[in-house]
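Structure, as C-alpha cells:
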Amino acid sequence: MARPSEFSSDAETAILDIIRDGGTLDKAAQAASVSARTILRWLEADEEFRRKYAQAREDQGDWFADKIADLATDSEKEPADITARVNALKWLAAKRKPKVYGDKIVAEHTGKDGKDLPAPTSPVTIFQLPDNGRG
C-alpha cells in the first residue's frame, strides 16, 4: 500500500468517520488507503487532527453504548451470545468514555472495623520550612 506524502481532508474525514462508528485503527487506515503507521505519524505531527481523533475515540463510547441497547433488545440472539457481546462493548465504552461509562471509584478512609477515623487532637505539621536564622 503506497503512502501518500501529505495529509488530506478527505483522508481525515474517512478516518474520523470510521473511528466514530466503532471502527479500529486498521479499518480507518484501509478506508483512507494508508497504513495504520501513517495515521499514527499524522497524529504525532498534527495537533488539530490529534484533537479530532481523540474526540472521535471518545464518541465511540456512545456508539458502543448504542450497540449494547441494540443487542439487549434483539430477541433473535441467544442470551449467552448477547451477554458476551454486551460485556465486551461495556468494556470498550468504559475505556473510550470513562467519565460517562466507566466504573465510579470512591475512596473512603475508615478506621478499625469500618468506623470513622478519629479527628487529630493536636495540630499536624505537614511541612516545616527551615527558619534560615530569621528566628
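Just so it is clear, the structure is predicted and the values come from calculations on it, not from any experiment. One-based numbering along the sequence shown.
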Inter-residue atom distance Asp46.CG - Arg41.CZ, 0.5 Å rounding: 14.0 Å
Distance (rounded to the nearest 0.5 Å) between Leu89 CG and Arg85 CZ: 8.5 Å
ILVMFWY clustering at 4.5 Å (side-chain atoms), partners of Val100: Tyr101
Atom pair CD1/CD1 of Ile82 and Ile68 - distance to nearest 0.5 Å: 12.0 Å
Nearest atoms (heavy-atom pairs only) where Ala93 meets Gly61: CB-O, 3.7 Å
Point-to-point distance, once rounded to the nearest 0.5 Å, from CG of Asp17 to CG of Asp21: 6.5 Å
Whether Trp42 and Phe7 hold their rings parallel, tilted or perpendicular, with breakpoints at 30° and 60°: perpendicular
Side-chain donor/acceptor of Arg50 to backbone N/O of Leu43, under 3.5 Å: yes
Residues which pass side chain to side chain donor-acceptor pair (under 3.5 Å) with Glu48, listed by chain and number, not counting sequence neighbours: Arg51
Least distance between heavy atoms, Ile19 atom then Leu25 atom: CD1-N, 4.1 Å
Closest non-hydrogen atom pair, Ala29 against Ser35: CB-C, 3.6 Å
Partner set under salt bridge (charged side-chain N to carboxylate O under 4.0 Å, His left out) for Asp62, not counting sequence neighbours: Lys97
By salt bridge (charged side-chain N to carboxylate O under 4.0 Å, His left out) - contacts of Arg96 (at least two apart): none
Results of side chain to side chain donor-acceptor pair (under 3.5 Å) for Glu58 - residues two or more places apart only: none
Test side chain to side chain donor-acceptor pair (under 3.5 Å) applied to Lys67 - qualifying residues, sequence neighbours left out: none
Minimal non-hydrogen separation, Ala31 against Ile18, with atom names: CB-CG1, 3.7 Å
Side-chain touch Trp63/Leu92, heavy atoms, less than 4.5 angstrom: no
Heavy-atom closest pair, residues Ile39 and Ala28: CD1-C, 4.0 Å
Distance-only polar pair, side chains of Gln55 and Asp59, donor-acceptor under 3.5 Å: yes
Distance (rounded to the nearest 0.5 Å) between Ile15 CD1 and Ser8 OG: 8.0 Å
Taking every non-hydrogen atom, the tightest pair across Thr24 and Arg57: C-NH2, 4.4 Å
